[in-house]
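Protein chains get the first letters and strands the later ones, always in sequence-line order, with residue 1 at the start of each. In this text the structure is predicted, and so the values were computed from the model without any measurement.
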There are 2 protein chains.
Amino acid sequence: MSDARERQKFLQWLRDRGHRVTAERLALFEEIFAQHRHIDAEELLDSMKARALKISRATVYRNLDLLVECGLARKQRLGQNRFLYEHVHPGQRHDHLVCTGCGRVVEFVSPGIAALQGEICRAHGFSPTSHTLQISGLCNACVQKRDEAQRPPERALPSPAHVETARTLSGPPP
Amino acid sequence: MSDARERQKFLQWLRDRGHRVTAERLALFEEIFAQHRHIDAEELLDSMKARALKISRATVYRNLDLLVECGLARKQRLGQNRFLYEHVHPGQRHDHLVCTGCGRVVEFVSPGIAALQGEICRAHGFSPTSHTLQISGLCNACVQKRDEAQRPPERALPSPAHVETARTLSGPPP
DNA sequence: CCTCTTGTTGAGATCTGATCTCAAGAAGCT
DNA sequence: AGCTTCTTGAGATCAGATCTCAACAAGAGG
């Protein structure tokens, strides 16, 4: 929807800092606000090139950092390796469920957890600036998929009826 | 203390899987249980070489994964870049406060947060296997250090009395 | 104790995500 | 328009982690 306000904030922030307003910065801003959520630098780069926007990798990385610095984007490791970026919704703290089966990321909001975190910081004299909470596991769909994959065979496998089932979680065929 | 129980579990787990018990595996096991907490693969490697234990980088990485797989160690990104490993204390879930000033890591336990996470997963039909909760910020000492660093100058700087103070947080001199 | 099979190791190459370098280019002040 | 200074782009570089493959050794069998 209207990212007009954010756009304004970004431009203002750039000028206040003495940074220049360049075509690349605007394009990157548009791109990340056009995306729904959780995109990594490389995807962003591809997606911009696909739209015939000329921009280099270095510039993407540099300016993503800028967006983070000015508070319009957030940078987090959700999977394992790459950083994912998301544009920030004003004042709405959320955390993530990450499905290790299909890679899907679901957001959730928990004021209760937020409050408890606050208490813990106070108790430790710790002054928090950010946090990461992600829960990894299997989403509904992937649990089902796994269960189906285990039932049907029904033949005389060496019947590993106890432990050992965790391996199949990570790479179910497409 | 007695990691005899864990050692036993490790050996058993290796044999059950048809893995071999090698000197390198035992040495790595000893090393990680000798460390107090949160050590990365490279440090572990150095620390073992310092003790004249012969082991290669690849073996450290491979066998750390093994320890994680069998549930005796946990692998997490706490700072930013490297993975940190810690040996697992039976059944004791904890999370981390990470000071961005001095890098110190403090553990905390919160049954309340654990319970809320459980509720959230249930509500989303999500089947969790692990989680990461870390709160970044400044510890007591670093907050004080920062405040002291800001007071003394007391001279006529351009007085940025409003925003703009976040930059100094990241790199205070040693 | 010796042999044989097969999992494991080590050194270095390789991969990957991210950052840095520096000459060419352009924003924005005047 | 001219000039200063920040920004960009292409490729080099870095760091952490993983992979390759020949040499090695654990453990089963004799």
DNA chain C contacts among residues 29-36 of chain B, heavy-atom distance under 4.0 Å: none
Which residues within residues 19-28 of chain A lie with some heavy atom under 4.0 Å of an atom in DNA chain D? A/His19, A/Arg20, A/Thr22, A/Glu24, A/Arg25
For atom [atom1] of [X] and atom [atom2] of [N], their distance in whole Å:
| X | N | atom1 | atom2 | answer |
| --- | --- | --- | --- | --- |
| A/Met48 | D/dT8 | CE | P | 11 Å |
| A/Arg17 | D/dT5 | CZ | C1' | 18 Å |
| B/Arg77 | D/dA15 | CZ | P | 16 Å |
| B/Arg15 | D/dA28 | CZ | C1' | 14 Å |
| B/Lys54 | D/dC24 | NZ | P | 11 Å |
| B/Tyr61 | D/dT20 | OH | P | 17 Å |
| B/Leu53 | C/dT9 | CG | P | 14 Å |
| B/Leu11 | D/dG27 | CG | C1' | 14 Å |

Under 3.5 Å, side chain of B/His87 to main-chain N/O of B/Ile32, donor-acceptor pair present? yes
For the hydrophobic clusters of this structure (ILVMFWY residues joined by side-chain heavy atoms under 4.5 Å, transitively), does one cluster hold both [X] and [Y]?
| X | Y | value |
| --- | --- | --- |
| B/Leu72 | B/Val68 | yes |
| B/Val143 | B/Leu97 | no |
| A/Val21 | A/Leu53 | yes |

If the cut-off is 4.0 Å, is B/Ser56 near the phosphate of C/dT9, judged by side-chain N/O to OP1 or OP2? no
Taking all atoms of both residues into account, what is the closest heavy-atom pair of A/Leu133 and A/Asp95, and its distance? O-CB, 3.4 Å
Determine the minimum heavy-atom distance between A/Gln134 and A/Leu78, stating which atoms define it. OE1-O, 2.6 Å
Nearest to the A/Asn63 side chain among C/dT9, D/dA17, D/dT8, which nucleotide is it? D/dT8
Donor-acceptor pair under 3.5 Å, B/Arg62 side chain vs C/dG10 base: yes
Using the side-chain contact (heavy atoms from CB on, under 4.5 Å) criterion, which residues pair with A/Ser47? Sequence neighbours excluded. A/Glu31, A/Gln35
Only counting residues at least two apart or in another chain, list the ones meeting side-chain contact (heavy atoms from CB on, under 4.5 Å) with A/Glu42. A/Asp40, A/Leu45, A/Arg57, A/Tyr61, A/Arg82
For B/Arg104, I'd like to know if atom CZ has over 12 heavy atoms of other residues, nucleotides or ligands within 6.0 Å. no
Heavy atoms, side chains only, cut-off 4.5 Å: are B/Asp65 and B/Tyr85 in contact? yes
Starting from the 5' end of DNA chain D, give me the residue, A/Thr59 or B/Lys75, whose nearest nucleotide shows up first. A/Thr59
For nucleotides 13-16 of chain C, give me every protein contact, N/O to N/O, under 3.5 Å, one pair per line with atom names.
none

Need to verify one output field. Residue with the more 5' nearest nucleotide on DNA chain C, B/Leu14 or B/Ala58? B/Leu14
Listing request: all salt bridge (charged side-chain N to carboxylate O under 4.0 Å, His left out) pairs with a residue in residues 121-135 of chain A, at least two apart in sequence or in separate chains. none
Parallel, tilted or perpendicular: rings of A/His96 and A/His94 (30°, 60°): perpendicular
